[in-house]
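The basis for the numbers below is simple: all heavy atoms, side chains too, and nothing from hydrogens, waters or symmetry mates.
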Amino acid sequence: MKECRYYHRLDHDVAGCILCPHHCRIANGKTGVCRSRRNYDGTLVSEVYAQPCSLAIDPIEKKPLYHFHPGTQCLSIACTGCNFRCLNCQNHEISQVTPNEVGHYNLSPQEVVDLCLEHHCPGIAYTYTEPLTYIEYVADTARLAHDKGLWNILVTAGYVCQEPLADLLPFIDAANIDLKSFSDDIYQRVSGGHLSVVLDTILAMHDAGVWIELTYLLIPGVNDDMDMIRRMCQWIVKNGLANSPLHFSRFFPQFKMRDIPPTPLSTLKKAQLIAQEEGVQHVYLGNV
């Protein structure tokens, strides 16, 4: 365990987390929404620091990143927890659980970097769950990785406050950000968050020079309104992201959305055409 960097000590041993916009007020012995940051007598600690639950060597295209060092591999690492509650989560076995519900490795930041070098991977991807919920581990590892000439990738839903994000971005080279929809109402109903926060994250990463690719999972009857997708693509182009690849991904029944059928290929192709019409330069279809 490691003391968290982004919180305040409040009265009666309550910890006020300021990592993400949930701003959890965490009573003694309890965790926040992410399930991985726990209050011990007024001290907020990350229970997953140096305790990854998943390790793999992946092609970088799996993140997906198509325009950042294509053809290379990366060491993928994840810890339990997420600050979203997506009804369609495909990694719910590790994202929607507490740290003691799954097995884990013991790997310090230095050991992660050494493992990456040992397997001749040019970079590390913090992925599968929400890496921003274990930001201390990511930051310490990413700093050491840069010292060794390795690059760092975030695969994230982007739900974070601006101060911790700004502290992390100097060590991040590329990111795939998952856009759940372009509607705040859908964000709240499906994921438990707000669209504006994610858009601010995207713009902050862009301003910091991080290579950005976006993923949009098309869920039938939930976020597949083509007018909404057109507005999203217009926002992407208006904000200087026309050259950032956009991945429309096919939905398959998952978690609490098992009664929804897979996305028709025709829906994916309509979304792709709209994006191209609005000026997005690189549009890909995933899970097809």
Exercise. Looking at K2, R5, R37, which one forms a salt bridge (Lys or Arg N to Asp or Glu O under 4.0 Å) with E136?
Worked result: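 The residue from K2, R5, R37 that satisfies salt bridge (Lys or Arg N to Asp or Glu O under 4.0 Å) with E136 turns out to be R37.
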Exercise. Considering residues at least two apart in sequence or located in another chain, which fulfil the ring pair (Phe, Tyr, Trp, His ring centres under 6.0 Å) criterion with Y128?
Worked result: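 Not a single residue meets the ring pair (Phe, Tyr, Trp, His ring centres under 6.0 Å) criterion with Y128.
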Got a donor-acceptor contact below 3.5 angstrom from the [X] side chain to the [Y] backbone?
{"X": "R258", "Y": "F255", "result": "yes"}
{"X": "N223", "Y": "K180", "result": "yes"}
{"X": "T129", "Y": "C79", "result": "yes"}

Exercise. Can you find a side-chain donor-acceptor pair between Y7 and N39 that sits under 3.5 Å?
Worked result: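 Looking only at side-chain atoms, N39 and Y7 do not form any donor-acceptor pair under 3.5 Å.
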Exercise. With no hydrogens and no angle check, do the side chains of T267 and D224 hold a donor and an acceptor under 3.5 Å apart?
Worked result: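 Side chains of T267 and D224: no pair found under 3.5 Å.
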For this session: State yes or no: do I236 and W211 share one hydrophobic cluster built from I, L, V, M, F, W and Y residues joined by side-chain heavy-atom distances below 4.5 Å, directly or via other members?
Result: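 Hydrophobic grouping puts I236 apart from W211.
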Problem set entry | L19-V14 co-clustered via ILVMFWY side chain contacts under 4.5 Å |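 Shared cluster, no.
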Exercise. Taking the inter-plane angle between the rings of Y216 and F248 on a 0 to 90° scale, is it parallel (under 30°), tilted (30 to 60°) or perpendicular (over 60°)?
Worked result: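 Y216 vs F248 ring planes: perpendicular.
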Exercise. How are the rings of Y134 and Y137 set relative to one another: parallel (under 30°), tilted (30 to 60°) or perpendicular (over 60°)?
Worked result: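 Plane angle between 30° and 60°, so tilted.
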Problem set entry | CA sep, side-chain torsions, deciding dist, call: K270, I229, side chain to side chain contact (heavy atoms under 4.5 Å, CB included) | CA-CA 10 Å; K270 286 178 185 177; I229 289 169; over 6 Å; no
